[in-house]
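Each remark here refers to the structure printed beneath this line.
Positions are given from 1, in the same order as the sequence printed here. We use all heavy atoms of the structure for the numbers below, so side chains are in, but hydrogens, waters and symmetry mates are not.
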Amino acid sequence: NRVCLRDLHAEQDLNVGLHHEPVKSVAVLRNDLILSGSWDKTLRLWKSNQQTAVQTIHLPERVYAMDVKENRVVVATAGQRILAFNVDAMQHSPAPFWQGESRLKMQTKCISWFPDCT
């Protein structure tokens, strides 16, 4: 349930924050931000120097996969839902700019943006 960073020089873990359920995906963003997705049905945006989430985004289901390219985040959740967010707008407008359902029969457990963010 912990989100932590590993300081390779000091060989220590730095606790960033907590989720209520297991953490499934973590991404380091620019501007010293960290994004984590959890089975507690939330995405949380953290600053590495504070242990309180800057933003908590409630999702319709548990996070199974996540990818970040440039300023975009794509999240695959249980129930075959896929949501896309703009990182720059996340702190002010936590709504996804696109959402839909996967056409695959099975649950999406891995997801990735193409290099051109499509």
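- G37 and L43 get closest at one heavy-atom pair: CA-CD2, 3.8 Å.
- Using a 4.5 Å cut-off on side-chain heavy atoms (C-beta onward), V87 and L35 make no contact.
- Clustering ILVMFWY residues whenever any of their side-chain heavy atoms sit less than 4.5 angstrom apart, transitively, puts I111 in the very cluster that holds W98.
- Atom CG of N71 and atom CZ of F85 lie 13.5 Å apart (nearest 0.5 Å).
- For N31 (side chain) and L33 (main-chain N/O), no donor-acceptor pair under 3.5 Å exists by modelled atom type.
- Atom CD of Q50 has more than 12 heavy atoms from other residues, nucleotides or ligands within 6.0 Å.
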Verdict with supporting geometry, K69 and V74, side chain to side chain contact (heavy atoms under 4.5 Å, CB included): CA-CA 9 Å; K69 288 268 190 309; V74 64; over 6 Å; no

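- Closest heavy-atom contact between N1 and P22: OD1-N, 3.2 Å.
- R103 contributes atom CZ, which lies 15.5 Å from atom NZ of K105 (distance to the nearest 0.5 angstrom).
- If you chain together hydrophobic residues whose side chains sit under 4.5 Å apart, L45 and L83 fall into the same group.
- Atom CZ of R72 and atom CG of N86 lie 7.0 Å apart (nearest 0.5 Å).
- When atom types are taken as modelled, the side chain of Q12 and the backbone of D7 share no donor-acceptor pair closer than 3.5 angstrom.
- Shown here for I34 and S48, the closest heavy-atom pair between the two residues is CD1-CB, 4.0 Å.
- A donor-acceptor pair under 3.5 Å links the side-chain atoms of Q51 to the main chain of N15, judged by distance alone.
- For Q80 (side chain) and L104 (main-chain N/O), a donor-acceptor pair under 3.5 Å exists by modelled atom type.
- Note that CZ of R30 and CG of D88 are 4.5 Å apart. Values are rounded to the nearest 0.5 Å.
- Formation of a donor-acceptor pair under 3.5 Å by the D67 side chain with backbone atoms of W113 is found in this model.
- Under a 3.5 Å cut-off, the side chain of Q55 and the backbone N or O of P94 do not form any donor-acceptor pair.
- A donor-acceptor pair under 3.5 Å is absent between the side-chain atoms of T42 and the main chain of I57, judged by distance alone.
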Does the side chain to side chain contact (heavy atoms under 4.5 Å, CB included) test come out yes or no for V26 and V16, once each step is laid out? CA-CA 11 Å; V26 177; V16 175; over 6 Å; no

I'd like to know whether R81 forms a side chain to side chain contact (heavy atoms under 4.5 Å, CB included) with L59, so could you lay out the CA-CA distance, the side-chain angles of the two residues, the decisive distance to 0.1 Å, and finally the verdict. CA-CA 10 Å; R81 308 259 313 162; L59 302 174; over 6 Å; no

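- Identified under the ring-ring contact (aromatic ring centres under 6.0 Å, His included) test for residues 32-81, with sequence neighbours left out: W39-Y64.
- Proximity of V63 to S38: side-chain heavy atoms (C-beta onward) are nowhere separated by under 4.5 Å.
- I82 and V75 fall into different hydrophobic clusters, where Ile, Leu, Val, Met, Phe, Trp and Tyr side chains are chained together by heavy-atom contacts under 4.5 Å.
- Here the closest heavy-atom approach between residue R2 and residue V23 is recorded as O-CG2, 4.0 Å.
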Test side chain to side chain contact (heavy atoms under 4.5 Å, CB included) applied to H19 and R44, step by step: CA-CA 8 Å; H19 278 271; R44 294 183 194 235; 3.3 Å; yes

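- Between the Q107 side chain and the G79 main chain, a donor and an acceptor come within less than 3.5 Å of each other.
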